[in-house]
Amino acid sequence: MPELPEVETVKRGLHRLIINRKVAAVSSDYPKGFPNAAADVEQFLIGACITNVRRRAKVLLIDLSSGYSLVVHLKMTGQLVFVDNKSRFGAGHPNGSLIGALPDKSTRVTLSFADGSHLYFNDQRKFGWVKLIPTVEIPNIDFMKRVGPEPLEADFTPLQFRERFTRRARSSIKAALLDQSVIAGVGNIYADEALWGAKIHPSRLVNTITEAEFEQLYIEVRFVMNLSIEKGGSTNRNYVNAEGKKGSYMDFARVFRREGLTCSRCDTKVVKLRVAGRGTHICPFCQQI
DNA sequence: CACTTGACCTGTCCGC
DNA sequence: TGCGGACAGGTCAAGT
């Protein structure tokens, strides 16, 4: 599911909702997605307080007073929803969460806080995971060692952006955009949206992209990500924020999931094709090979 | 190394 | 209404 804007939205919600809460109990019957030794859970999670919530790429980092952190990847369908001690629903909806009462059949991990509130990790497809790791060890995780720079950081320049792609010179620009070791946080939605913005066909090889096109792509990646954060992310199917609410970026999407509808620049119909093994949406007039 | 493809899962949608 | 197949926001381990 979530790409950088969705994970950032969840991060901001959790930052507001769970800091300083004390973990009283944890339950999970899904060792594959919660592969933590019972002794570590007992020693470093139970009784610890949440001290911070951070994000790196599409990974959430929930820091604990024990010196450990919960490292969470939502993958395609993961959700982290906080429910207060007055209901079984996410806090964001007057009549309860948009995803129904929790826990439900997709609940993989439940954190119970000392004040009676809960944090649920739901994941329909079971690709996601929650790992308890010493906070200082996080930079040593293979993924963290490989992952590229954060594209929304103020000091990230167009030149750095372009130079990151040299390692993928002979792959399609879409495959390179999706490669987390090139740039952090871009996924299928924002790759399509940014390539439309820059008028670049997703199948174009990296080594055919001009400097001017890279410059425009840099601008568009940052534009669509910032806009999406402002809109609370994209709810294509499953995504909800920390309160169980949907994001509205899809109302502003220019090509993603808009096949058969017209391009806002030229009135040509958006088409769907397959690039880099992923469903891909383009305007065939604006984005030519 | 760089690059592509299949696998991991459950659920939904579409055509027959 | 049922059934098979394709497909879904991501990432890895294999393969070439």
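Within the model, atoms OG of A/Ser65 and CG of A/Asn20 stand 9.5 Å from one another, a figure rounded to the nearest 0.5 Å. Residue A/Ser181 holds its OG atom at 11.5 Å from CG of A/Leu178, rounded to the nearest 0.5 Å. Going from atom OG1 of A/Thr9 over to atom CG of A/Asn241 covers 7.0 Å, rounded to the nearest 0.5 Å. One distance of note links CZ of A/Phe34 with CG of A/Asp123; it measures 14.0 Å at 0.5 Å rounding. How far CZ of A/Arg21 is from CG of A/Leu119: 10.0 Å, rounded to the nearest 0.5 Å. To the nearest 0.5 Å, atoms NZ (A/Lys126) and OH (A/Tyr30) are separated by 6.0 Å.
If you measure from atom CZ of A/Arg237 to atom P of C/dC7, you get 12 Å, rounded to the nearest angstrom. Atom CG of A/Asn238 is separated from atom C1' of C/dC7 by 13 Å (rounded to the nearest Å). For the pair A/Arg278 CZ and C/dA8 P, the interatomic distance rounds to 8 Å; values are reported in whole Å. Rounded to whole Å, the distance from CZ on A/Arg257 to C1' on C/dG9 is 10 Å. In this structure, CG of A/Asp123 is placed 13 Å from P of C/dG10, rounded to the nearest angstrom. The distance between atom CG of A/Leu60 and atom P of C/dG9, rounded to the nearest whole Å, is 20 Å.
Nucleotides B/dG11 and C/dT11, compared at atom P, are 22 Å apart to the nearest Å. Taking atom C1' on both nucleotides, C/dG9 is separated from B/dC3 by 23 Å, rounded to a whole Å. With P as the reference atom, B/dG6 and C/dA6 are 12 Å apart, rounded to whole Å.
Taking the side chain of A/Phe143 as heavy atoms from C-beta on, and the options C/dG10, C/dC12, C/dC7, the nearest nucleotide is C/dC12.
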Pair A/Glu211-A/Arg162, salt bridge (charged side-chain N to carboxylate O under 4.0 Å, His left out): steps then yes or no: CA-CA 8 Å; A/Glu211 246 179 76; A/Arg162 175 159 56 87; 3.7 Å; yes

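Across every non-hydrogen atom of A/Thr280 and A/Arg274, the tightest pair is OG1-C, 4.4 Å. Contact between A/Val206 and A/Phe165 at its shortest, heavy atoms only, is CG1-O, 3.6 Å.
Within 4.0 Å (heavy atoms only), A/Arg146 reaches sugar-phosphate atoms of the nucleic acid but no base atom. Residue contacts for A/Arg274: at a heavy-atom cut-off of 4.0 Å it reaches the sugar-phosphate backbone alone, with no base atom in range. The residue A/Tyr249 sits apart from the nucleic acid: no heavy atom pair falls under 4.0 Å. Note on A/Gly277: nothing from the nucleic acid sits closer than 4.0 angstrom, heavy atoms only.
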Watson-Crick and G-U pairing of DNA chain C written in dot-bracket, each distance under 3.5 angstrom, with | for inter-strand partners: .|||||||.|||||||

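When the side chain to side chain contact (heavy atoms under 4.5 Å, CB included) test is applied to A/Gln124, the partners found at least two apart in sequence or on another chain are A/Thr77, A/Ser106, A/Asn238. Residues that satisfy the side chain to side chain contact (heavy atoms under 4.5 Å, CB included) test with A/Phe127, not counting sequence neighbours, are A/Lys75, A/Met76, A/Arg125. Here A/Ser203 pairs with A/His201, A/Val275, A/Ile289 under the side chain to side chain contact (heavy atoms under 4.5 Å, CB included) rule; sequence neighbours left out. For the side chain to side chain contact (heavy atoms under 4.5 Å, CB included) test, residues two or more places apart in sequence or in another chain that qualify with A/Arg222 are A/Leu152, A/Phe156, A/Tyr218, A/Asn226.
Within residues 160-176 of chain A, the residues that place at least one heavy atom under 4.0 Å from DNA chain B are, in residue-number order, A/Arg167, A/Arg168, A/Ala169, A/Arg170, A/Ser171. Scanning residues 124-131 of chain A for heavy-atom distances under 4.0 Å to DNA chain C yields A/Arg125, A/Phe127. Within a heavy-atom distance below 4.0 Å of DNA chain C, the residues of residues 228-236 of chain A found are A/Ser234, A/Thr235, A/Asn236. Looking at residues 191-209 of chain A, you'll see that no heavy atom sits under 4.0 Å from any atom of DNA chain C.
On the nucleic acid side, DNA chain B has its first and last nucleotide under 4.0 Å of a heavy atom of chain A at B/dA2 to B/dG11, going 5' to 3'.
Evaluation of the salt bridge (charged side-chain N to carboxylate O under 4.0 Å, His left out) test over residues 185-207 of chain A, restricted to residues two or more places apart or in two chains, returns A/Lys174-A/Asp192, A/Glu193-A/Arg254, A/Arg204-A/Glu213.
Salt bridge present: A/Asp179 and A/Arg168 bring a charged side-chain N and a carboxylate O closer than 4.0 Å. Residues A/Arg56 and A/Glu150 are paired through a salt bridge, judged by an N-O separation under 4.0 Å between the basic side chain and the carboxylate.
Considering only side-chain N and O atoms, A/His73 lies nowhere under 4.0 angstrom from the phosphate OP1 or OP2 of C/dG10. Distances shown here put a side-chain N or O of A/Lys58 below 4.0 Å from the OP1 or OP2 atom of C/dG10.
Put simply, the side chain of A/Thr262 never gets that close to the backbone of A/Lys269: no donor and acceptor are under 3.5 Å apart.
Applying the 4.5 Å side-chain rule to ILVMFWY residues, one finds that A/Leu205 remains a lone member of its cluster.
Ring-plane geometry between A/Phe143 and A/His73 is classed as perpendicular, the angle between the planes exceeding 60 degrees on a 0 to 90 degree scale with a lower cut at 30.
Stacking of A/Lys22 on the aromatic ring of A/Phe113 is not recorded, the 6.0 Å distance cut-off and the 45° axial limit not both being met.
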